[in-house]
Visitor: 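Before I ask anything, here is the structure I am working with.
Here is how names work: the chains are called A, B, and so on, in the same order as the sequence lines, proteins then strands, and each is numbered from 1.
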There are 2 protein chains.
Amino acid sequence: MTDLSIGRLARLSGVKVPTIRYYESIGMLDAPPRSPGGQRRYGDGHLEQLRFIRHGRELGFGLDDLRALQDLSARPDRSCEEADGIARKQLAEVERRIAGLEAVRRELERMVERCSHGVVDECRVIQTLSDHHLCAGDHAPDHQTVPRDT
Amino acid sequence: MTDLSIGRLARLSGVKVPTIRYYESIGMLDAPPRSPGGQRRYGDGHLEQLRFIRHGRELGFGLDDLRALQDLSARPDRSCEEADGIARKQLAEVERRIAGLEAVRRELERMVERCSHGVVDECRVIQTLSDHHLCAGDHAPDHQTVPRDT
DNA sequence: CTTGAACCTCTAGTCGCTATAGGAATTAGG
DNA sequence: CCTAATTCCTATAGCGACTAGAGGTTCAAG
Ligand SMILES: [Zn+2]
Ligand SMILES: [Zn+2]
Ligand SMILES: [Zn+2]
Ligand SMILES: [Zn+2]
């Protein structure tokens, strides 16, 4: 019952203030009680919950999976089969993404290395983009979304 | 002047019909002439342009970068310095993402391997999510967005 | 000339946030 | 106790790169 303000909770958890409110709005984080003036007052349980979510996000889990994992951790007597399944699925997904990125990395390296740095018309980068036949192999048959940095 | 319909262009380029319209709407792809009834009629230039974009997307370039690269390729006499810079930046970004995903992969592997597959309370997956100290190392200090599959 | 496939525009949804505007509440200092 | 600075509130819109659906029109094969 440490009665944390949202800002303090943000500092302790490493999750930004607007993100905490966002998690509450989509039902990922329990809505806390409010001060007489209407401000959120969090307890230790919320901090734990938020750290769980943050750690899961760092490991690449989607919020849906984390919700399922959260629900499971509230039922300590059940078999952990489902939790392990989610983790294995996540591992497979990460491996798939790494494989795709490795293929992309090889092609990018190749085109950067082979460019003689002259004029655009002879630029290996531009040429390769115009013609996949200049690539060494196949790359990224599947989708890749570019992440954002903050 | 092959006078391609959008559907045929989609098949020839590997880019979906709504995506082609989307590219036009954001100015990535030149707006084609229309049939008397108002339907889009593409030429070979559009097909080339679209293949360029698609190839670039497969290599992980953002649409902004691809626009810049497209503009450069229209000026064949200029130095390719800028193009090479964009490609090197992209390579660095891909390397950064691989490094992050490798760290995540190691942790996921670790937690899946160490679980004795009993009850949730003793599940290494759940425990690790609750406590980063059970991780072997640091992972993903930066953002990662989960890609979508189609 | 009919019919069914392909096309059109427009809007809203995806994921996981982030940013801004325009206020109200809290807290630290004097 | 009062003020000023800081933090907090809601609500809305935007990011990237699409995808999905509704409701209507045009085209091309037979
Ligand atoms: Zn070059
Ligand atoms: Zn290629
Ligand atoms: Zn387990
Ligand atoms: Zn960890």
Visitor: Under 4.0 Å from OP1 or OP2 of C:dC7: is there any side-chain N or O of B:R40 that close?
Guide: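 No, B:R40 has no side-chain N/O under 4.0 Å of OP1/OP2 on C:dC7.
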Visitor: Rounded to the nearest Å, what distance is computed from the OH atom of residue A:Y22 to the P atom of nucleotide D:dC15?
Guide: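 Atom OH in A:Y22 sits about 17 Å away from atom P in D:dC15.
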Visitor: Is A:K16 close enough to C:dC17 that one of its side-chain N or O atoms is under 4.0 Å from OP1 or OP2 there?
Guide: no
Visitor: Examine D:dC18: is either OP1 or OP2 under 4.0 Å from a nitrogen or oxygen in the side chain of B:R57? Give yes or no.
Guide: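 For D:dC18, OP1/OP2 do have a side-chain N/O of B:R57 under 4.0 Å.
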Visitor: How many whole angstroms separate atom CZ of A:R54 from atom C1' of C:dG16?
Guide: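 From A:R54 CZ to C:dG16 C1': 15 Å.
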Visitor: Quick check on C:dG16: is either OP1 or OP2 less than 4.0 Å from any side-chain nitrogen or oxygen of A:T19?
Guide: no
Visitor: Would you tabulate the pairs of protein nitrogen or oxygen atoms and nucleotide nitrogen or oxygen atoms of nucleotides 25-27 of chain D closer than 3.5 angstrom?
Guide:
unit_1 : atom_1 : unit_2 : atom_2 : d
D:dC27 : OP1    : B:S35  : OG     : 2.7
D:dC27 : OP1    : B:G37  : N      : 2.9

Visitor: Rounded to 10°, tell me the angle between the two end axes of the helix from C:dC1-D:dG30 to C:dG30-D:dC1, each built from five pairs.
Guide: 0°
Visitor: Looking only at the side chains, is there a donor atom on one of B:H117 and A:D84 sitting less than 3.5 Å from an acceptor on the other?
Guide: yes
Visitor: Quickly work out the A:R8 CZ to D:dC8 C1' distance and round it to whole Å.
Guide: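 For the pair A:R8 CZ and D:dC8 C1', the rounded distance is 14 Å.
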Visitor: Would one find a side-chain N or O of B:R67 under 4.0 angstrom from OP1 or OP2 of D:dG16?
Guide: no
Visitor: Tell me which residues in residues 23-30 of chain B lie within less than 4.0 Å of DNA chain D, going by non-hydrogen atoms.
Guide: B:Y23
